[in-house]
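The figures that follow rest on heavy atoms only: side chains count, while hydrogens, waters and symmetry mates do not. Proteins get letters first, then strands, A, B, ... in listed order; numbering begins at 1 in each.
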Number of protein chains: 2
Amino acid sequence: MSMDSVCPHNNTFHCGDCRMNALCLPLALQTKEVERLDEIIQRGKPLQKDHHIYHAGEEFDSVFAVRSGSIKSYTISNSGQEQVTGFHLPGEIFGMDGIGQNRYTNSAVAMETSSVCEIPFNRLQELSIAIPTLQRHFFQLMSLEITGDQQLLSLLSKNTAEERVATLLMSISNRNFRLKLSATRFRLPMSRADIGNYLGLTVETVSRVLSRFQKQALLKVDKKEVELLNLDKLRELAN
Amino acid sequence: MSMDSVCPHNNTFHCGDCRMNALCLPLALQTKEVERLDEIIQRGKPLQKDHHIYHAGEEFDSVFAVRSGSIKSYTISNSGQEQVTGFHLPGEIFGMDGIGQNRYTNSAVAMETSSVCEIPFNRLQELSIAIPTLQRHFFQLMSLEITGDQQLLSLLSKNTAEERVATLLMSISNRNFRLKLSATRFRLPMSRADIGNYLGLTVETVSRVLSRFQKQALLKVDKKEVELLNLDKLRELAN
DNA sequence: CGGCATATTGAACCTGGTCAAGCGGAGTGG
DNA sequence: CCACTCCGCTTGACCAGGTTCAATATGCCG
């Protein structure tokens, strides 16, 4: 049976067979070790659009890996407004914000029909002691999350609306490429409001920037479908 | 000998005696375990103002704890401009951004005469396997760094100049309180330029906001010396 | 004392926000 | 099946907070 013929929402997979394997698992893991990891992971979990995986404030017990679809993380600031903190595509891990205080500080919601793998953190910690590579891998994942947030900080504090939107587009393009999907034609899983919220802009500004990009023939947008026409220029804007 | 009479730059201390103890060590550590941790930590390291602890791009091998003074972390964005990513006060850990890629992504520099403890990360990882509490503690520290950065994201993308400056002031006030220093009178260790850079504002705006706060009798500023006069109003602005 | 970095203040400008109107597709009910 | 509404998106006109540019303190270190 060809892997590519399998429905991505199929939940009978084991990690060893999963096509996301190379992305969410530490590369240097032995087959035996993968099996042990496999035992603690709860696979499947198909989710409808708008269904929450967890809410901010709930007790933390697991981190999650996206299998298919896309997930949005967001917090409610103390002034009561939503702040989108991340978009998670297949092969990416989310939920690590909960470790510090033993409760999630973000909420996580499916932006479309999705499926995620749940990884109980206690068991993961135990296993990390037996498999040092795994401990190292998780330290690395968390560190990458830190540096990612810091790049975003820099983007928000120093860059124009056009640069911010271009950066997000290039980020999604690159992540699609990693997933062996098209880097130039794809569907944005999130709304304009989510994009704006994430980038510190209003819906109107996001819309205007996209229109401007289209006029300059940098891309074509139709609703959520995007085709990037001038990667060089977009990359330059994203810098 | 009273601990408070000891010079804070003294480098003959052991972790068990260090007054920062309660802040940078996992709380539930046994005395025996503290001793083992103590063995791997290189204490002391007195630093002059403007001396770098590491530069972005250098190979990562240690994280650091501030013993005294204050440290600034910053990155150079690919467009070549500096982005301040954090200010570190006594008892706080920095350098965890380096774990992900095995090289530091930030540079770290002393903003005044300071001293830091160096914690070799390899040895820390080994020790984490023997002391699960320690592993847990480091996962928590990193997670807190993530949530901290995310709060900052929200601040930069949603709040006005006044709210940003008030938030920074309250943050420093709270951290001083934790250090058993005055929460209302203190010296800002960083320049206006650093504040502005960190908060996504220009020097001029920072200066104007501080002047405005002073006119409204929320605080008194004289150069780097600050006295907070109306904590309630400032806290409200910081929300 | 002189020179250079840091901070403050003022005036003009501009990017992105706000407010408002209109479009178009999806879902609903008569 | 069509009319109606709701919601997400786009576009325009105006406004404002913060940047930019410039001039002037203030202070530090040789």
### Query
Just by distance, with hydrogens left out, do A:Q83 and A:T75 show a side-chain donor and acceptor under 3.5 Å apart?
no
#### Entry: Exam field: side chain A:T167 to backbone A:E163, donor-acceptor pair closer than 3.5 Å
yes
#### Entry: A:K224 atom NZ, over 12 foreign heavy atoms within 6.0 Å
yes
#### Entry: Nearest heavy atoms of B:R164 and B:G200, plus distance in Å
NH1-O, 3.4 Å
### Query
Can you name the ring pair (Phe, Tyr, Trp, His ring centres under 6.0 Å) partners of A:F213, sequence neighbours left out?
none
### Under 3.5 Å: donor-acceptor pair, side chain of B:R192, backbone of B:K223
yes
### Query
Has the side chain of A:S107 got a donor or acceptor atom that lies under 3.5 Å from a matching backbone atom of A:A56?
yes
## Note on the structure
Across all chains, not counting sequence neighbours, the ring pair (Phe, Tyr, Trp, His ring centres under 6.0 Å) partners of A:F94 are A:F64, A:H88
Any protein N or O atoms within reach of nucleotides 6-8 of chain C? Criterion: under 3.5 Å, listing atom names and distances.
unit_1 : atom_1 : unit_2 : atom_2 : d
C:dA7  : OP1    : B:R192 : N      : 3.3
C:dA7  : OP2    : B:R192 : N      : 3.2
C:dT8  : OP1    : B:R192 : NH2    : 3.1
C:dT8  : OP2    : B:R192 : NE     : 2.9
C:dT8  : OP2    : B:S207 : OG     : 2.9
C:dT8  : O5'    : B:S207 : OG     : 3.1

### Task
For the residue pair B:E58 and B:H55, confirm or rule out a side-chain donor-acceptor distance under 3.5 Å.
yes
### Query
What class does the angle between the rings of A:Y74 and A:H52 fall in, given that below 30° is parallel, 30 to 60° is tilted and above 60° is perpendicular?
perpendicular
### Message
Looking at every heavy atom in both A:L234 and A:A166, which two are closest together, and how far apart are they?
### Response
O-CB, 3.8 Å
### Sole candidate of A:D149, A:N197, A:N106 that passes side chain to side chain contact (heavy atoms under 4.5 Å, CB included) when paired with A:T85
A:N106
### Task
Nearest-nucleotide wise, let me know which of A:R212 and B:K215 is further upstream toward the 5' end of DNA chain C.
B:K215
### Query
Between which nucleotides of DNA chain D, read 5' to 3', does contact with chain B run, using atoms under 4.0 Å from its heavy atoms?
D:dG18 to D:dC21
### Query
How is A:G196 classified with respect to the nucleic acid when contacts are heavy atoms under 4.0 Å: base, sugar-phosphate, or nothing?
nothing
#### Entry: Where B:L219 and B:L210 come nearest, the two heavy atoms and their spacing
CD1-O, 4.0 Å
### Query
Considering only heavy atoms, which members of residues 154-169 of chain A lie under 4.0 Å from some atom of DNA chain C?
A:T160, A:A161
### Query
In degrees, rounded to 10°, what is the bend between the two ends of the helix from C:dC1-D:dG30 to C:dG30-D:dC1, using five pairs at each?
30°
